[in-house]
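Data block below; observations after.
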Amino acid sequence: MARENGNSVHLTRLHEQRRAIEALSRIGMETASPAELMQYVVAQVARVTGIDHVKVMRYRPDRGDLLVEAGVGWKAGVVGNTALAADFASPAGRAMQTGGPVAIKNILESPEFRYPELLKDHAIVSLVNVPIMINGQTWGVLEVDQTQAIEFDEWDLSFLTITANLMGACMAQREAVQKGLDITAELARQRERFNTMMRELQHRTKNNLQMIVSFLTLRTRGLSGEVKELLNSAIGRVQAVALAHDQLSGSNMASNLAFDDYVRSLCANIAPQQFGTSIDVEAEPLTISLDRAVPAGLVVNELVTNSIKYAFGNGGGLIRVHVALASNASQACVSVEDDGKGMEIPPKRGLGLTLIENLARQLQGTVEYVEVDKGAKTVLCFPVAIHHASPEVVRG
């Protein structure tokens with residue numbers, strides 16, 4: 001460090017120290033790795049102080065020593081390989097243990113300190129060690145070493161202490177950022193594993209439901225009348241559930257469904273038995289959870305099936321299905337309307353109507369039978385938590 005007398009020299013030294021501290025505060029987080037940051041620090045300290053031997057040492061709790069992680073002015077092979085003791089008789093060890101700077105004008109005349117072989121090998125006489133703190137814990141030590149006996153003043157100690165603190169703050173911030181990135185990456189991996197497992201589960205569920213459909217279809221052979229009609233209704237309901245799981249098994253979503261696509265597919269799979277009967281679906285894009293979509297889909301299946309069965313005569317007709325969000329965007333409304341012969345309001349209670357109202361209660365929703373000029377119209381409204389469409393949603 002400069003030892004010339006005079007205010008101009010003193011001011012020049014302070015100016016260089018201030019510039020180095022400002023540069024470290026800006027550049028500290030821009031370096032690509034902790035190794036680069038440490039090397040930058042030792043190089044800047046050597047430049048500003050005019051001392052050729054500077055090093056950063058990291059404390060290794062498992063070995064109880066201080067490993068030289070970065071340095072300038074040292075012989076080849078020292079950095080990354082040489083370690084110093086961390087006990088109280090070691091200058092670096094005392095700085096680490098006390099948490100304060102240790103300045104030694106002449107280590108040859110300081111019997112309370114041991115003369116480390118590394119310093120002896122480089123003919124070091126004067127030295128300063130300042131601790132490097134990260135998150136309140138002593139991480140290591142910054143040390144400057146001079147081959148001549150010199151007196152380190154308060155400005156020297158202040159500069160080195162601030163530099164060490166800044167380096168520790170940069171490393172702590174970098175560590176926090178890296179931990180955040182690691183946590184984010186791990187959460188993404190866990191989410192992908194979960195989604196993969198859920199897709200496999202949905203696929204298996206779909207296959208199991210299809211087996212049930214196949215079994216029930218076989219059981220309808222040779223049957224007629226009310227029993228066959230009841231089995232066919234059950235088959236339609238199982239198919240409606242299977243279709244939802246089929247859509248999920250082919251998407252990247254774990255439990256959210258493109259409800260508008262689901263309703264379209266659902267209606268496309270309901271075959272009108274009467275010639276001239278058609279189903280028209282108008283649905284806004286809407287993604288909701290599976291436990292909301294399936295009961296609502298079953299209501300649609302039930303209403304459309306009822307219209308096909310009871311609304312038309314020999315001439316057929318039109319069934320309109322409409323899906324939209326209510327004006328306050330807190331609930332979805334599904335209406336099924338036909339232009340058939342209509343129904344009395346309130347309608348007679350049967351198995352289908354009972355199922356519809358039970359499903360509406362499951363959804364914490366309401367069913368309204370609306371009077372229209374021609375035909376029948378039923379509206380189901382239920383609260384939803386909207387899942388905005390994303391690239392993960394696969395639409396049919």
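Counting from 1, the numbers follow the sequence of the chain as shown. Here the structure is a predicted model, which means the values were calculated and not measured.
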* Structure fact -> Here the pair of heavy atoms bringing Val72 nearest to Val42 is CG2-O, 3.8 Å
* Is the number of heavy atoms from other residues, nucleotides or ligands within 6.0 Å of CD (Glu22) greater than 12? -> yes
* Asked: At what distance, to the nearest 0.5 angstrom, does CG of Leu303 lie from CG of Leu380?
  -> 8.0 Å
* Is the number of heavy atoms from other residues, nucleotides or ligands under 6.0 Å of Glu284 CD greater than 12? -> yes
* Quick one: are Val334 and Val379 in side-chain contact, heavy atoms under 4.5 Å? -> no
* To do: Carefully, step by step, assess Val336 and Lys377 under the rule side-chain contact (heavy atoms from CB on, under 4.5 Å).
  => CA-CA 6 Å; Val336 177; Lys377 180 178 181 180; over 6 Å; no
* Atom CZ of Arg320 and atom OG of Ser335: how far apart are they, to the nearest 0.5 Å? -> 9.0 Å
* **Heavy-atom pair of closest approach, residues Val384 and Ala332** => CG2-N, 3.9 Å
* Would you say Val141 and Tyr59 make side-chain contact, with heavy atoms under 4.5 Å? -> no
* How far apart are the closest heavy atoms of Ile134 and Gly168, and which atoms are they? -> CG1-O, 3.7 Å
* To do: Check whether any side-chain N or O of Ser90 sits under 3.5 Å from a backbone N or O of Ala86 as a donor-acceptor pair, and report yes or no.
  => no
* Asked: Say you draw a straight line from SG of Cys333 to NE2 of His322; how long is it, rounded to the nearest 0.5 Å?
  -> 10.0 Å
* **Audit row: Trp74, His53, side-chain contact (heavy atoms from CB on, under 4.5 Å) steps and yes/no** => CA-CA 6 Å; Trp74 306 98; His53 297 82; 3.7 Å; yes
* Asked: So, do Leu127 and Asn129 sit near enough that their side-chain heavy atoms are less than 4.5 Å apart?
  -> yes
* To do: Could you tell me whether Arg264 and Asp261 have a side-chain N and a carboxylate O separated by less than 4.0 Å?
  => yes
* Is it true that the side chains of Gln362 and Arg292 contain a donor and an acceptor less than 3.5 Å apart? -> no
* Please tell me if the side chains of Val144 and Gln146 come closer than 4.5 Å, counting only heavy atoms from C-beta onward. => no
* Asked: So, the side chain of Asn301 versus the backbone of Gly297: is there a donor-acceptor pair under 3.5 Å, distance only?
  -> no
* Pick one: which of Leu118, Val78, Leu142 meets side-chain contact (heavy atoms from CB on, under 4.5 Å) with Lys55? -> Leu118
* Is there a side-chain contact between Ile132 and Thr138 (heavy atoms, below 4.5 Å)? -> no
* Asked: Hey, does the side chain of Asn81 reach the backbone of Gly77 with a donor-acceptor pair shorter than 3.5 angstrom?
  -> yes
* Could you tell me whether the side chains of Arg47 and Gln44 share a donor-acceptor contact shorter than 3.5 Å? => yes
* Quick one: do Met167 and Val79 end up in the same hydrophobic cluster if we chain Ile, Leu, Val, Met, Phe, Trp and Tyr together by side-chain heavy atoms under 4.5 Å apart? -> no
* Any donor-acceptor N/O pair, Arg361 side chain to Thr366 backbone, under 3.5 Å -> no
* To do: Drop me the distance from Ile356's CD1 to Tyr369's OH, to the nearest 0.5 angstrom.
  => 5.5 Å
* Between CZ on residue Phe152 and CZ on residue Phe159, distance to nearest 0.5 Å -> 12.5 Å
* Taking Asp339 for its side chain and Leu318 for its backbone only, find out whether a donor-acceptor pair lies under 3.5 Å. => yes
* **Heavy-atom closest pair, residues Pro131 and Ala164** => O-CB, 3.6 Å
* Under a 4.0 Å N-O cut-off, is there an ion pair linking Arg114 with Asp87? -> yes
* **Residue pair Ile270, Ile308: steps toward the side-chain contact (heavy atoms from CB on, under 4.5 Å) verdict** => CA-CA 9 Å; Ile270 301 175; Ile308 291 173; 3.5 Å; yes
* To do: Using atom types as modelled and distance alone, determine if a side-chain donor or acceptor of Glu143 lies under 3.5 Å from a backbone N or O of Val56.
  => no
* Side chain Ser110, main chain Glu112, donor-acceptor under 3.5 Å -> no
* Asked: Quick one: are Leu160 and Pro101 in side-chain contact, heavy atoms under 4.5 Å?
  -> no
* Looking at Leu157 and Thr161, what are the two nearest heavy atoms and their distance? -> O-OG1, 2.7 Å
* Does Glu186 come within less than 4.0 Å of Arg189, counting only side-chain N to carboxylate O? -> yes
* Asked: Is Trp139 close to Arg58 at the side-chain level, that is, under 4.5 Å between some pair of heavy atoms?
  -> yes
* Could you pull out the closest heavy-atom pair between Cys170 and Leu37, with the gap in Å? => CB-CD2, 3.8 Å
* In terms of heavy-atom contacts, does CG of Asp62 have more than 12 from other residues, nucleotides or ligands at under 6.0 Å? -> yes
* Any side-chain heavy atom of Cys267 sitting closer than 4.5 Å to one from Val300? -> yes
* To do: Answer yes or no: is there a donor N or O on one side and an acceptor on the other, between the side chain of Thr98 and the main chain of Arg94, under 3.5 Å?
  => yes
* Please check if the side chain of Asp156 supplies one atom and the backbone of Asp153 the other of a donor-acceptor pair under 3.5 Å. => yes
* Asked: Quick one: do Tyr115 and Ile104 end up in the same hydrophobic cluster if we chain Ile, Leu, Val, Met, Phe, Trp and Tyr together by side-chain heavy atoms under 4.5 Å apart?
  -> yes
* Structure fact -> To the nearest 0.5 Å, atom CG of Asp145 lies from atom OG of Ser126 at 9.5 Å
* Asked: Distance-only, no hydrogens or angles: does the Asp260 side chain make a donor-acceptor pair with backbone N or O of Leu286 under 3.5 Å?
  -> yes
